[in-house]
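In what follows, a structure is listed as structure tokens, so that the remarks can point back to it.
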Amino acid sequence: MADNSIPSFKAADLVIQLTSTPKAKSDTAAFGVIFTDHMLTIEWSADGGWQAPLIKPFENLSLHPACSSLHYAIQLYEGLKAYRGDDDRLRIFRPMLNMDRMSKSAKRACLPAFNQSELLECIRRLVEIDQDWVPHSDAASLYIRPTYISTEPSLGLKTPTRALLYVILCRAGHYFNNTGEALSLWTDPKYTRAWKGGTGDCKMGGNYGSTLSGQYEAVDHGCEQVLWLYGEDHQITEAGTMNIFLHWINEYGEEELATPPLDGIILPGVTRHSVLELTRKWGEFKVSERHLTMSQLCSALKQQRVKELFGSGTACMICPIGHVVYQGEDLYIPCQVKNSQLTARIAKELTDIQYGRQPSDWTFLV
Ligand code: COI
């Protein structure tokens, strides 16, 4: 919830400097490669507090070499998207959930609090200014990347006395190179994405960068992503950079859509939250936040109780999973993409909302 008592910058103080050299807009659908003409920056210091927010031409940052975000990873980020609807209006999907998660990550990173509604209004203005960059396509969108870093210019590990909150925008097509094909996952319990008491439930860059070597080992084993396990009982936690859902007939014979609970090691994904809300509203089967282990998945597969397995995330949206390699064994999930009834239905309902085909209070008009 936005808290008006927090000392914060104000969107009303925005200073806007427009570029005199707008870039040619490329049609590339590649994720996160082409950035728009402008960026938002907001500086904070212990002495001066928050400065006026600034929208200015997109440019490199200049950082002190001792900057503690570079040395100690005192930083965080968010990811959300703006969509151009069939009515040509621009909608951002559930941005207050991102603002809220960003505030929680900031608290964990000892970065100063800010007013969430003021930040959202600054982001709205930025998207409005760069609105021509939002693709005219329902297979692409504009990815919004708020980033918040310590700019503390000293090597002592301490609460930052300087910080920079900035937002950049880029075109986003399919996150994975395939075009909606089912993903393959490799598991090895020697890698852990997050642990109890850690920061896995916050959106901090270190949670992602540290997964890369496991990711490349997955590729060496012929898979695309890692299925992250946790604990002696090999709990299923996340898949690549996504939350994970299992649609199955559970051990009690009930049809269930299950995802691991927010017990500190799971990122509280906006898409995850939306899938839970959407399917609970349908009321057609049990929807649970519960622990799931590899042995439960393996026996359900043997007994043909698994219907579908899929990942969810902002960048990838909803992504069916077709193959898991576990302890050297190939587990095939019965989800030929064409027959992935639930995955396809959820993806359609979410995109209908995002592109304004289905009116919803989950969208925020730019
Ligand atoms: C997102 O889905 O927005 C993420 O943060 C994942 C990132 C690696 C692109």
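Whatever order the structure lists them in is the order used to number ligands and atoms, beginning at 1. One-based numbering along the sequence shown.
Contact annotation: for Lys203 versus ligand 1, heavy atoms closer than 4.0 Å belong to the side chain alone. Looking at Thr314 against ligand 1, both its backbone and its side chain come within 4.0 Å, counting heavy atoms.
Side-chain contact, Gln235 with Thr237: no donor N or O sits under 3.5 Å from an acceptor N or O. Looking only at atom types and distance, the side chain of Lys203 has a donor-acceptor partner in the side chain of Tyr208 under 3.5 Å away.
Considering backbone and side-chain atoms alike, Tyr77 places an N or O below 3.5 Å from some N or O of ligand 1. Taking any N or O of Ala315, backbone or side chain, at least one lies under 3.5 Å from an N or O belonging to ligand 1. Geometrically, ligand 1 and Tyr143 share a nitrogen or oxygen pair separated by less than 3.5 Å.
Centroid-to-centroid, the aromatic rings of Phe58 and His38 stay 6.0 Å apart or farther. When ring centroids are compared, Tyr148 and Tyr166 stay outside the 6.0 Å threshold.
In this structure, Arg91 is not positioned above the aromatic face of Trp362 in the sense of NZ or CZ being under 6.0 Å from the six-membered ring centre and within 45° of the axis.
Remark: ligand 1 atoms within the under-4.0 Å shell around heavy atoms of Thr241 are 6 (C), 8 (C).
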